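Working notes, beginning with the structure itself.
A note on names: the letters A, B, ... follow the listed sequences, proteins ahead of strands, and every chain is numbered from 1. Please read all numbers here as calculations on a predicted model, not as lab measurements.
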Protein chains: 2
Amino acid sequence: MQKRQFNRAPAMRDVAQAAGVSAQTVSRVLSDHPNVQEVTKRRVLAAVEELGYRRNNTARALVTGLSRTIGVVTLATNNYSRSSLALGVELAAREAGYAVNSVTSNLSTQGLTEAVSRLVQQGVDGLIIAAPLQEAARRVREITARIPTVTTDGSSGMSDELVGVDQESAVVLATNHLLGLGHRTVWHVSGPPEWSDAASRLDSWRRALEKAGREVPPELHGDWSPESGYRSGLILGRMPDVTAILVASDEMAFGVIRALTELGRRIPEDVSVVGIDDIDLAAYATPPLTTVRQSFEDTGRRAVFHLLEQIENPEAEHTHQVVEPTLVIRKSTAPPPSV
Amino acid sequence: MQKRQFNRAPAMRDVAQAAGVSAQTVSRVLSDHPNVQEVTKRRVLAAVEELGYRRNNTARALVTGLSRTIGVVTLATNNYSRSSLALGVELAAREAGYAVNSVTSNLSTQGLTEAVSRLVQQGVDGLIIAAPLQEAARRVREITARIPTVTTDGSSGMSDELVGVDQESAVVLATNHLLGLGHRTVWHVSGPPEWSDAASRLDSWRRALEKAGREVPPELHGDWSPESGYRSGLILGRMPDVTAILVASDEMAFGVIRALTELGRRIPEDVSVVGIDDIDLAAYATPPLTTVRQSFEDTGRRAVFHLLEQIENPEAEHTHQVVEPTLVIRKSTAPPPSV
DNA sequence: TACTAATCTGTTATCGATAACAAGACTAAC
DNA sequence: GTTAGTCTTGTTATCGATAACAGATTAGTA
């Protein structure tokens, strides 16, 4: 009489029995331990093959305390930066033999703490938080106290774990490009201020203008969406002395361009527009968008590497590298109209 | 002498001890079992609070055989459909109290089987495969034999688990819109043939033209990328009798529009262009893109619901619903130029 | 030869929870 | 007052692996 083995997945002891060895030996073979005879190893592997055995990661995780899984928190909006960062994390994690557990959240303190909580409870070995924490920072820190954590947005005050792109130089590149073309000054459509990337772009833009001795016009606020860019564009397009606009994301830049076009202002003849990100569609805007490339996919990858360092070598000092962005000049920028 | 309790996360027995009850009682309280005295419950919850206890999901999964995690396989390319589907899955899973484990793959049989394998080994309760399986179907089926699985691309031959959008009517909507404007026929830039969505769009386009008694021109093949749309556009733009183009995705449509614009063909005065998907940027194309809306986020959500039904009620019959797409008319379509 | 060291394999305890069973206290019904 | 039934709690076995220890065999060396 069998013991309801009917449809159960084979366990290690089934393999052991089939190979005529102990479970421990099977474990050793599968973990590539050195001291196993070649013959035994072959017998075990044959049994594994025959039974279609797969090691149960849950059981492994329980006894080793390591799940080889990392958790990722992103915001629940489908924009380019989110998805390409997630993709980068995914790819890098896979290469390193880690699985990825992802959770989305809104911007609220409650949402973020819940998201992090969930992942911790799932037993992840480390965490990547790709969202501005702000007031949630303190509670999140408590929850993640025992777990290596990397944040990709600096607003959290967890700055020692930050991984990002050099926003300052991104903006300086763009601003100087426009000033270099002869524009008197550069207007700015910024991202939502709770994102540290947006905040530091705003900041750097101001400083770049000041440094060049130009007038600093008031900024307009967007929320990363093309709609918000469109609304800003409707305002800027009505102001005749606006000849150059730096938009904090390509997606908003599409909205700005649309609004300007509807108002009859030609790009780049009347107004120059520069975006940031270099999304796939930027080259296919009308006109093709001049922008500052920063690879979110790469940021995701680096976040993973940084995290794995912390996981596998917790004692060491970890410096956070910053990546240099590059300016991609297309057709949306030109010298200002001669007066 | 303590037993290296130094920095260990508290376990259930720690809570039990603190509350002066057995571990089983703690378990019962946390699982909302009915037969626990109010007083006891309060004492347990107080201890949980005090120690900052979180239930270990790994241990639960091991003993219950359920991880409350679902696995998602997507392709490793960052396009709109992938990311919004993933987002939909994410959100729906969270609402249902499930975690999401995501893996990306390439299109190869090996890549796909490995991806699925990984997830199975991670111990997911169910699988969503958002990639065309094709020849991988057989091996994947073997691997997922014991696990509920939903595919969102029909090319797999696992059709009984399919969840999707009615591609036929999407294309008919678009084609008839163009014919209704007076175009003699409609050209088509298709997606990669290994995607069943692309294949059925191609098919439906042909049949729609035949049914209307129109000439069926040869189709051009793209790969979902804006670049491929651009290349197709460079060809179509040189053919003076092309006045209406149905593009199998909005992202490719951006490329087509760019190419046509560069060749001096005005949209929609000279050529009408219709996309499919209604991505966020479609409304901000130049001109705003007429397209057929189909919500990938929604497809993701429905895939989850469908999967959870299978998980929680394996015996029942599960019919796969199909969603009706809607035509969104913007500015990229108009009657053909009068000759 | 004898004694140490290195290889190989097996046994037992353990990770942190839940399932299944058991037992005591109390209530209800005859 | 006994018996059965409900409510509440505890005890033990178990999920599937690995760690730690231990025993047996072989090899190496004084």
Say whether [X] and [Y], considering side chains only, have a donor N or O and an acceptor N or O under 3.5 Å apart.
X      : Y      : value
A/S84  : A/E297 : no
A/S102 : B/S102 : yes
A/T58  : B/R60  : no

Checklist entry - Across the strands shown, which category fits A/N35 at heavy-atom distances under 4.0 angstrom: base, sugar-phosphate, nothing? => result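 Contact class for A/N35: base.
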Next on the checklist: Does A/Q24 reach a base, just sugar-phosphate, or nothing at all? Heavy atoms under 4.0 Å.
Outcome noted: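 A/Q24: base contact, heavy atoms under 4.0 Å.
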If you only use heavy atoms from C-beta on, which nucleotide in [options] is closest to the side chain of [X]?
X     : options                : result
B/A11 : D/dG10, C/dG16, C/dG10 : C/dG16
A/S22 : D/dC15, C/dT18, C/dT11 : C/dT11
B/M12 : C/dG10, C/dA17, D/dA17 : C/dA17
B/R55 : C/dG10, C/dT18, D/dA17 : C/dT18
A/T25 : D/dG16, C/dG10, C/dT18 : C/dG10
A/S31 : D/dT18, C/dT9, D/dG16  : D/dT18

Next on the checklist: Is there a side-chain contact between B/E312 and B/P148 in this structure, where contact means two heavy atoms from C-beta onward sitting under 4.5 Å apart?
Outcome noted: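 Side chain of B/E312 against side chain of B/P148, heavy atoms only: no contact under 4.5 Å found.
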Taking [atom1] from [X] and [atom2] from [N], how many angstroms apart are they, rounded to a whole number?
X     : N      : atom1 : atom2 : answer
A/L30 : D/dG16 : CG    : C1'   : 13 Å
B/N57 : C/dC15 : CG    : C1'   : 15 Å
A/R68 : D/dT18 : CZ    : C1'   : 15 Å
B/R43 : D/dT9  : CZ    : C1'   : 11 Å
A/Q37 : C/dA6  : CD    : P     : 18 Å
B/D14 : C/dA17 : CG    : C1'   : 13 Å
A/H33 : D/dT18 : NE2   : C1'   : 8 Å
B/R60 : C/dA17 : CZ    : P     : 10 Å

Next on the checklist: For D/dG10, does the base pair up with any side-chain atom of B/R28 as donor and acceptor (N or O, under 3.5 Å, distance only)?
Outcome noted: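 Yes.
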Checklist entry - Any side-chain N or O of A/T40 under 4.0 Å from OP1/OP2 of C/dT9? => result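 Looking at the OP1 and OP2 atoms of C/dT9, one of them is under 4.0 Å from a side-chain N or O of A/T40.
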Checklist entry - Is there a side-chain polar atom (N or O) of B/T58 under 4.0 Å from OP1 or OP2 of C/dG16? => result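 Answer no for this pair, as no side-chain N or O of B/T58 is under 4.0 Å from OP1 or OP2.
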Item to check | 5' precedence on DNA chain D between B/V63 and A/T64 (nearest-nucleotide basis) | outcome: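 Counting from the 5' end, the first nearest nucleotide belongs to B/V63.
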Checklist entry - Counting N and O atoms only, with roles assigned by atom type, does the side chain of B/T77 sit under 3.5 Å from a partner on the main chain of B/N79, one being a donor and the other an acceptor? => result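 No, because the side chain of B/T77 does not come within donor-acceptor range (under 3.5 Å) of the backbone of B/N79.
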Checklist entry - Any sub-3.5 Å donor-acceptor pair from A/R43's side-chain atoms to A/A19's backbone N or O? => result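 Here the side-chain-to-backbone pair exists.
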Checklist entry - Considering heavy-atom distances to DNA chain C, does A/V36 or B/A59 have its closest nucleotide positioned more toward the 5' end? => result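 By nearest-heavy-atom nucleotide position, the 5'-most residue is A/V36.
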